[in-house]
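Below is one structure, written out as structure tokens, with a few remarks after it.
Naming: A, B, ... by sequence-line order, numbering from 1 per chain.
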2 protein chains.
Amino acid sequence: MIQELINRYVTVSFQVHKKAESLIKCQLGNDLTNDQHYILRYMFNSGSCTSTELAEVFEVNKSAITAIISRMADRGLIERTRDENDRRVVYLTLTDEGKDLYQKAQERIHYLVESIITQFEEPEIKAFINTYEKLAQVLDNKKLEEREE
Amino acid sequence: MIQELINRYVTVSFQVHKKAESLIKCQLGNDLTNDQHYILRYMFNSGSCTSTELAEVFEVNKSAITAIISRMADRGLIERTRDENDRRVVYLTLTDEGKDLYQKAQERIHYLVESIITQFEEPEIKAFINTYEKLAQVLDNKKLEEREE
DNA sequence: CGTGAATAGTTAAAGTGTTGAACTAATTTT
DNA sequence: AAAATTAGTTCAACACTTTAACTATTCACG
């Protein structure tokens with residue numbers, strides 16, 4: 001019983017994940033990679049942040065962040081400013097160009113998601129999103145468990 | 001109203017996908033990358049396939065498939081055999097080693113998913129998976145629409 | 001039948017994303 | 001003040017991706 005649920009979950013989550021990824025990639029076109037869009041997304045909502053913070057949130061090595069931020073800074077999407085109090089720290093902020101690009105991308109993604117969501121009944125999609133949000137919470141706790149080990 | 005649902009959906013799906021990705025990566029360890037695991041997964045279920053088929057399913061360029069299959073063949077996970085009737089075609093099959101590795105990986109992922117699923121009530125998770133499966137269907141149609149454009 | 005078009009797959013160059021290790025520079029600890 | 005920690009970068013190496021050019025084979029049709 002539980003085994004069947006696990007099988008169905010594994011199958012469908014891999015499928016949806018992959019397809020969603022390539023639909024988003026398609027929406028972003030040549031403007032942004034999926035990873036850069038995700039970074040832009042985080043920074044747009046968090047205001048200003050540091051490399052270490054990004055590395056923790058995205059669970060990648062700090063040098064991966066240095067690399068991706070450098071590419072985005074070269075394109076004028078992000079600015080680096082050194083903290084005057086603690087000169088080890090570098091604050092990352094979006095430029096106006098970065099914000100614009102994010103908002104354009106976000107519009108296209110919302111359009112995509114709308115075209116998907118409207119194919120469901122409202123109660124169904126609400127229940128789905130509720131469970132999805134609980135799932136996000138469970139995955140977060142999972143991450144903490146691992147760190148404690 | 002719908003705007004709020006879209007926002008919640010976008011936010012939560014990005015979060016869950018990223019976290020699931022890194023949890024799976026963690027389970028796979030140094031044995032397999034997520035992409036290689038996904039290829040193994042497809043091949044395990046489909047028996048034998050071709051590069052062109054993989055390129056279509058995963059929506060990537062054929063040369064990306066050549067590259068990843070070459071790496072996996074070098075490791076002895078996959079074998080290439082040329083079709084004797086149509087000598088342009090190369091059939092890809094899993095070696096015993098490839099099957100073993102997939103099954104080991106799959107056990108670990110099932111264990112992970114079980115530990116997540118059991119934190120939900122059965123009716124809730126069933127309803128969730130049902131909608132998830134419909135969603136997979138909708139995304140597939142989306143892909144077809146795009147092709148027709 | 002033969003030539004040109006289409007198909008299956010590979011190779012090569014270039015770019016993105018990732019890790020681990022070694023490093024610089026600044027701050028904290030003791 | 002010396003040792004340890006922290007923030008971030010650089011480098012080498014590898015995985016994945018795309019585009020374009022290529023080989024080899026098969027198909028289509030005049």
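Here A:Lys126 pairs with A:Glu122 under the salt bridge (Lys or Arg N to Asp or Glu O under 4.0 Å) rule; sequence neighbours left out. The ring pair (Phe, Tyr, Trp, His ring centres under 6.0 Å) search around B:Phe44 returns B:Tyr102, not counting sequence neighbours. A:Asp86 meets the salt bridge (Lys or Arg N to Asp or Glu O under 4.0 Å) test with A:Arg88; sequence neighbours excluded. Legend: residues meeting side chain to side chain contact (heavy atoms under 4.5 Å, CB included) with B:Ser51, ordered by chain and number and at least two apart, are B:Ile65, B:Leu92. The ring pair (Phe, Tyr, Trp, His ring centres under 6.0 Å) test applied to A:Tyr91 returns no partner, not counting sequence neighbours. Residues meeting the side chain to side chain contact (heavy atoms under 4.5 Å, CB included) test with A:Tyr111, sequence neighbours left out: none. When the ring pair (Phe, Tyr, Trp, His ring centres under 6.0 Å) test is applied to A:His17, the partners found at least two apart in sequence or on another chain are B:His17.
Between the P atom of C:dT19 and the CD atom of A:Glu59 lies a distance of 10 Å, rounded to the nearest Å. One atom, CG of A:Leu28, and another, C1' of D:dT17, lie 15 Å apart when rounded to the nearest Å. Put simply, CG on B:Leu32 is 18 Å from P on D:dC14, counting in whole angstrom units.
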In B/S/- notation (B base, S sugar-phosphate only, - none; protein heavy atoms under 4.0 Å), nucleotides 19-27 of chain D written 5' to 3' is B-----BS-
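Judged purely by distance below 3.5 Å, without hydrogens or angles, the side chains of B:Arg80 and B:Thr93 never pair a donor atom with an acceptor atom.
Residues from residues 34-54 of chain B that place a heavy atom under 4.0 Å from any atom of DNA chain D, listed by number: B:Asp35, B:Gln36. Contacts between residues 92-109 of chain A and DNA chain D, defined by a heavy-atom separation under 4.0 Å, are absent. Contacts of residues 67-74 of chain A with DNA chain C (heavy atom under 4.0 Å): A:Ala67, A:Ile68, A:Arg71.
Ranked by how close their nearest DNA chain D nucleotide is to the 5' end, A:Tyr91 and A:Lys25 are led by A:Tyr91.
One finds the CG atom of B:Leu112 at 10.5 Å from the NE2 atom of B:His110 (value rounded to the nearest 0.5 Å).
Both B:Leu139 and B:Val16 sit in one connected hydrophobic cluster of ILVMFWY residues. Membership requires side-chain heavy atoms under 4.5 Å apart, directly or through other members.
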Practice problem: Applying ring-ring contact (aromatic ring centres under 6.0 Å, His included), run through A:Phe120 and A:Phe128 and close with a yes or a no. | Solution: CA-CA 10 Å; A:Phe120 290 82; A:Phe128 182 73; 7.3 Å; no
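A ring-ring contact (aromatic ring centres under 6.0 Å, His included) check over residues 58-79 of chain A, counting only residues at least two apart or in different chains, returns the pairs A:Tyr38-A:Phe58, A:Tyr42-A:Phe58.
Classification of A:Asp140 and B:Lys19 as a salt-bridged pair holds, one side-chain N sitting under 4.0 Å from a carboxylate O.
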